[in-house]
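Worksheet: the structure to be examined is printed underneath.
Values in this document were obtained by computation on a predicted structure and should not be read as measured data. Each residue takes its place number in the sequence, starting with 1. Note that ligands are numbered from 1 as they come in the structure, with each ligand's atoms numbered from 1 the same way. Side chains are part of it too, since the values below use all heavy atoms of this structure and drop only hydrogens, waters and symmetry mates.
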Amino acid sequence: MTRSRVDAPATGPVPSARPASAGEAPRPYRPGELALSAEEMRAAGRHAVDLVVQRLCTVADGPPHAVAGPAELAALLDEPLPEEGGDLTGLLDRLARDVLPLGIRFDHPRCFAFVPTTGNYPAVLADLLSTAHLSVPGAWLVGSGPTRVELTALNWLKELLGLPGHWGGLFVSGGSVANLTALAAARDHHLAGDLAGARLYCSTQAHPSVARAAHLLGLGRDQLTALEPDAGQRLDPRALAARIDADRTAGLRPFAVVATVGTTGTGAVDPVTDLARLCRRHGLWLHVDGAHGAAYAVSERGHHLRDALGHADSLTFDPHKWLFQPYETGCVLVRDPELLRATFRMARHHLDTGYLHPAEARHDEVNLDDLGPQQSRGLRALKVWLSLKTFGAAAFRRAVDHGLHLSDHAAARITAHPDLDLTSPPGLGILTFRCRPPGCPVDPAAADRLQRSVSDAVRATGQALLLTTRVHGRTVLRMCTINPATTTADIDAALGLVVRAGRAMTTVPDEA
Ligand SMILES: Cc1ncc(COP(=O)(O)O)c(C=O)c1O
């Protein structure tokens, strides 16, 4: 390093450098103050890559979860604004050592919580490159190369999911914004600016981002109808048809249905084909939230899902879930992409956009910022592009199948064990179960508490992370087994920890 800079201390606040005081003329900007020399950049960059490789190669060595208390973190990070700069390499070290490890390590092979992605190394480099290039796949004039990469990555996703070529869309931050984007197009297409009496339908198992999207789109609480699911946690087309008929009779205006492929709780799959038929009959928009589960269609086993997805009007798909991409890599795809343009194109809004005229798309140019809510947007697609080019689609297909195999394995082990009850079958790499050791309380509330205590005890071992959810009103343990680095031995070890924790809690000696 050619400059001498002061590294921030690992803990505790640092005194800020003195800003120019009153009456003292501030020193003018010196060219190069916001840049590093090529030598400095290379040295810090090499160090960052070393830290990344260290992180990726040693994730399984530590616990899947690390957490610190708010006071401890405030002591570590609540610093004064650094008026003068510090040594970049030292700062990277500090972040990698003290800050970034605090959280869930979603790529840990024994992390079964939420919908854990793994990320991948080409995607890390994709972010590095596209950030350095300030890539913006917004208007063609602004980022023609990045736009073309995004269009190609979208075409590959469509092919992986079996969607027809005329579908279109864009990358967004994740499933929540994908749901919002698709439902905005549905609202505008069906309601023509009049929300009075409008009704949107889903099951109570839909992701909460559907309700948030409804709220942001101007629909009141009573305009989203969340129906109780069937015994398999699926939206019931007959119950839905009856509700739509009743709402129509009452003078209301049903306009869209959200079907979930892979509910977050249990991985349940709503009957998309039947729901599509129902929506066609009633002239409603069918949005499929496949944020997690659409990836099933990528696998050998889930090939049949491809036909069903093609019946939708729009689809949410999160490569940052079961396509092993880092956050934020979400995607929304629409049967008729012109309907996205109708909602989002800048020219639709009656503000002075004169400065944008030079960037209007000409001939067959595409302005992706006309299809979604963001104008300046990062090149999320490059992560998908580079990782598919590096590993090949076949490896992704096999990795998705591996996750399905793991959940089958877990279900078989649970079913065979006298202390464990499978409460929902392995749906799209997600399963739920209860721990019922000898002496387990019969009182439902106490048995529910036991599940939470078992989850806490397993977490406290630092050897696995599986959290709880509610199924049919009861607390259950939940596992999502989609990490391609996870082995059947990891599953067995995690279930062994559950059994041991359960037995310890009911003070029965451990036989395992
Ligand atoms: C089915 C479903 N939809 C939407 C979302 C929201 O996705 P994101 O967190 O990427 O916004 C999730 C997240 O887990 C999900 O499981």
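- Every atom of ligand 1 is numbered from 1 in the order shown, and the set under 4.0 Å from a heavy atom of Ser209 is 4 (C).
- Residue Val177 has no nitrogen or oxygen atom sitting less than 3.5 Å from a nitrogen or oxygen atom of ligand 1, judged on distance alone.
- In terms of protein heavy-atom proximity, atom 6 (C) of ligand 1 is nearest to His207 CE1, 3.4 Å.
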Exercise for the section: Please report the C-alpha distance between Ser135 and His133 in whole Å, then the side-chain angles of each, then the deciding distance to 0.1 Å, and finally whether the side chain to side chain donor-acceptor pair (under 3.5 Å) criterion is met. Expected result: CA-CA 5 Å; Ser135 300; His133 283 264; 5.5 Å; no
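- Protein heavy atom closest to atom 8 (P) of ligand 1, with residue, atom name and distance, is Gly175 N, 3.4 Å.
- The shortest non-hydrogen separation linking Pro64 to Cys111 is CB-CB, 4.1 Å.
- Aromatic pair Phe114/His292: ring centres not closer than 6.0 Å.
- Each of the atoms 1 (C), 2 (C), 14 (O), 15 (C), 16 (O) of ligand 1 lies under 4.0 Å from some heavy atom of Thr264.
- Of all the heavy atoms of Asp318, the ones lying under 4.0 Å from any atom of ligand 1 belong exclusively to the side chain.
- The part of His320 lying near ligand 1 is the side chain, judged by heavy-atom distances below 4.0 Å.
- Between the side chain of Arg243 and the backbone N or O of Tyr201 there is no donor-acceptor pair closer than 3.5 Å.
- Scanning the protein for heavy atoms near atom 3 (N) of ligand 1, the closest one is Asp289 OD2, 2.7 Å.
- At under 3.5 Å, a nitrogen or oxygen of Lys321, whether backbone or side chain, sits near a nitrogen or oxygen of ligand 1.
- Between Phe255 and His190, the ring planes are tilted. Angles from 30° to 60° get that label.
- The heavy-atom pair separating Leu284 from Pro254 by the smallest distance is CD2-O, 3.2 Å.
- A donor-acceptor pair under 3.5 Å links the side-chain atoms of Arg377 to the main chain of Pro137, judged by distance alone.
- Listed by number with element, the atoms of ligand 1 under 4.0 angstrom from any heavy atom of Gly174 are 10 (O), 11 (O).
- The proximity of Ser176 to ligand 1, defined as any non-hydrogen pair under 4.0 Å, involves the side chain as well as the backbone.
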